[in-house]
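The block underneath contains the structure these notes are about, expressed in structure tokens.
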Protein chains: 2
Amino acid sequence: MVEARVTTLADVAALAGVSVATASKALNNRQQVAPTTRQRVVEAAEQLRFRPNTLAKSLLTGRSGTIGLVTHDLDGRFSIPVLMGVEDAAGTGKMSALLCDARGDSLREAYHLQALLGRRVDGLVVVGARPDPRESLGRLPVPVVYAYAPSLDPEDMSVTVDHEAGGRIGVEHLIACGRSRIAVISGDPAYGAAHQRATGALAALGAAGLAPWGGEVLFGSWTESWGRSATEMFLARPDARDAERGIDGILCGSDQIARGVLDVLRERGVAVPREVSVVSHDNWELFATGSRPQLTSVDMHLEDLGRRAANRLFEAIEGRATPGIDVVPSSLVMRESSLPTG
Amino acid sequence: MVEARVTTLADVAALAGVSVATASKALNNRQQVAPTTRQRVVEAAEQLRFRPNTLAKSLLTGRSGTIGLVTHDLDGRFSIPVLMGVEDAAGTGKMSALLCDARGDSLREAYHLQALLGRRVDGLVVVGARPDPRESLGRLPVPVVYAYAPSLDPEDMSVTVDHEAGGRIGVEHLIACGRSRIAVISGDPAYGAAHQRATGALAALGAAGLAPWGGEVLFGSWTESWGRSATEMFLARPDARDAERGIDGILCGSDQIARGVLDVLRERGVAVPREVSVVSHDNWELFATGSRPQLTSVDMHLEDLGRRAANRLFEAIEGRATPGIDVVPSSLVMRESSLPTG
DNA sequence: TTGTAGGCGTTATCAT
DNA sequence: ATGATAACGCCTACAA
């Protein structure tokens, strides 16, 4: 399709036979213009498919109506929902989002930052690849909100997840299901989240006077394969399936891990949820609902997190900045892998 | 963090004790400025952390250095790699991308379109939620490239996937593995891709003088659950595991379907790939490598598709538009679920 | 080598 | 009610 020339307000004014000033007022619903004139201008604008040049307005107002979105794993599982939330919050207003993928590289991040600031974004949302706290970008000419991965500087604005609470919620649910011999399979120990979830789980167990089955939390990776290995390790213990002392619940660090767990349990003829109840983290629909049985999982509400980040940013842009970390509570999504009560 | 005031070229010029014109020349490496002056200007710029206002330049040049990205399923599996490719191609240059999620809603799409055109994007990439052809946006003031979902108008620029070839490739590989009794489990019949992949598969079978095992291609949905059901239907046939006439290969419409297929085959004690080889589509790493055995899968090279879309758009922006559909070839990624030869 | 002036498209102010 | 004009920040002739 060939491009047509871009029409300007001057074109509209000319066609309507008025000055640009009048045309501007007419189109912006200023009250100092005759109805008939306004009508003529509006028609001219429509006829010419006039679309005001936001850039010119921005130059004048100093506001671009644009925010910068810096992500660190566009291909990852966690950035996307956050981005959606941000986009959602922005879309409902008149904000647009410039997207950049820095891929965990701080040089690339710096480069993109320059480009965004040059485009005079009104603010920035920086989405981390992993939940671990990150370096602050420091003092910038526009407000910044750190999403998912909070900033190390408490004076910055961050919105993140309470992984410890996630672990707690998972265990509490298992206990509520009447389980007391609960094994905990966490993920990659290089991630703070793996430890925090474990800590929360241990706390909940402790509060009920329990200890994790097998004596300790297992760390590995966020993969199905690790879920399978860990489960096999557990089942290899002589008392694993003992009616009195065997496992009756498993908390997994992610849906993928849980997926591996379920596969092995099925192979070994362990009934889920009757014999062993399973709860996992992330509530990744695809994994959680594709499995048999479907997974009960802790949802981090990442899209909500993104929306909050955006809204906090908008407030900061309006001059009402709120330093500190905002924690979005997780919640449990119940499915078949854990039966409430028995 | 508190915001600092934004510095302008005038500030730099003032600090350096020159006119804005000279400052501009100095910073843009124009050759008509004394080295010492340039030095002073550069230092002033650095000291003030000067960052030229791209918007002002855009107003002047008529180029915003920005492209609009309209996606229809940010949460979906297929948009993201395409977006990554686009972002990648843009990032290497000096283009930035404005991201919008229209969520399959054409009203929302129109709304976002207005916003993007108002921001004077230099061009647009429209990414479909599904591969089926879509309505053209028609004549717009900037070039548009349709990615993944091609435009119905052949005069538009589109970059898409050859699903038929994908189906063909899958079957040809199975045949090359020595398989001849190949069942085909496709996906949701509401998707053109489901039919095209099936058509390609049938063509390849026909070329080898074969017909699909069971007589026809099965359509269902893109889920694991459907993969399981379909497999059970096949295995329920009396000759399914006959050494002479039984299934020895399965082509699946997606990795998720294949996942379900593998699960049931394992449960029934069917050895993969020895007894039955399995090939699927999409090559979604997470699914393809998490399964046992890992999946041989047809990769659509979506990131490459995104890059191509972006590059074609950039060419069009430069005035070298190339109407028509560009098809990115798929290729096979071999893993354990299909053994080459036997 | 440096500075002055005009203009990009829009809005707001101030005349008319 | 309408229009002329300045201003936003920058770049590029052209003049000095």
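No experiment lies behind these values; they were computed from the predicted model shown. Note on naming: letters A, B, ... go to the chains in the order of the sequence lines (proteins, then strands), and numbering restarts at 1 for each one.
- For A:Gln32, the listed nucleotide lying nearest its side chain is D:dA1; candidates were D:dT12, C:dT10, D:dA1.
- Rounded to whole angstrom, the span from the CZ atom of B:Arg51 across to the C1' atom of D:dG9 amounts to 15 Å.
- A:Thr37 comes within 4.0 angstrom of the backbone, heavy atoms only, and of no base.
- Dashed line: the shortest gap from a side-chain N or O of A:Arg30 to OP1 or OP2 of C:dA12 is under 4.0 Å.
- Each of A:Arg38 and A:Val20 has a nearest nucleotide on DNA chain D; the 5'-most of these lies closest to A:Arg38.
- Not one side-chain nitrogen or oxygen of B:Lys57 sits closer than 4.0 Å to the OP1 or OP2 atom of D:dC10.
- The interatomic distance linking B:Lys25 (NZ) with D:dT12 (C1') rounds to 8 Å, in whole Å.
- For the pair B:Asp326/B:Arg312, a side-chain contact is recorded, criterion being any heavy-atom separation below 4.5 Å from C-beta on.
- When only modelled atom types and interatomic distance are considered, B:Thr71 and B:Asp101 share no side-chain donor-acceptor pair under 3.5 Å.
- Looking at heavy atoms from C-beta onward, A:Leu98 lies out of side-chain contact with A:Leu69 at the 4.5 angstrom threshold.
- Side-chain N/O atoms of A:Thr66 and A:Arg120 include no donor and acceptor closer than 3.5 Å.
- Looking at which nucleotide of DNA chain C each of B:Pro35 and B:Leu59 is closest to, the 5′-most match is held by B:Pro35.
- Taking atom CG of residue A:Asn29 and atom P of nucleotide C:dT11, one finds them 12 Å apart after rounding to whole Å.
- Phosphate contact (OP1/OP2 of C:dT2, side-chain N/O of B:Ser19, threshold under 4.0 Å): absent.
- Among the protein residues, A:Ala21 comes within range of the nucleic acid bases, having at least one heavy atom under 4.0 Å from a base atom.
- Contact annotation for B:Leu9: backbone-only contact, meaning every heavy-atom pair under 4.0 Å involves sugar-phosphate atoms and none involves a base.
- Atom CZ of B:Arg40 and atom C1' of C:dT2 are 11 Å apart (whole Å).
- As rounded to whole Å, 11 Å separates atom C1' of D:dC11 from atom CZ of B:Phe50.
- An OP1 or OP2 oxygen of D:dG9 is reached within less than 4.0 angstrom by no side-chain nitrogen or oxygen of B:Thr8.
- Residue contacts for B:Arg63: at a heavy-atom cut-off of 4.0 Å it reaches no nucleic acid atom on any strand shown.
- Rounded to a whole Å, the CG atom of B:Leu55 is 14 Å from the P atom of C:dG9.
- For A:Asn28, whose side chain is taken as the heavy atoms from C-beta onward, the closest listed nucleotide among D:dG3, D:dC10, C:dT11 is C:dT11.
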Hey, mind stepping through A:Asp156 and A:Leu137 against side chain to side chain contact (heavy atoms under 4.5 Å, CB included) and telling me if it holds? CA-CA 9 Å; A:Asp156 283 332; A:Leu137 289 175; over 6 Å; no
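- The distance between atom CG of A:Asn53 and atom P of C:dC8, rounded to the nearest whole Å, is 12 Å.
- Look at CG on B:Leu60: it is 8 Å from P on D:dC11, rounded to the nearest Å.
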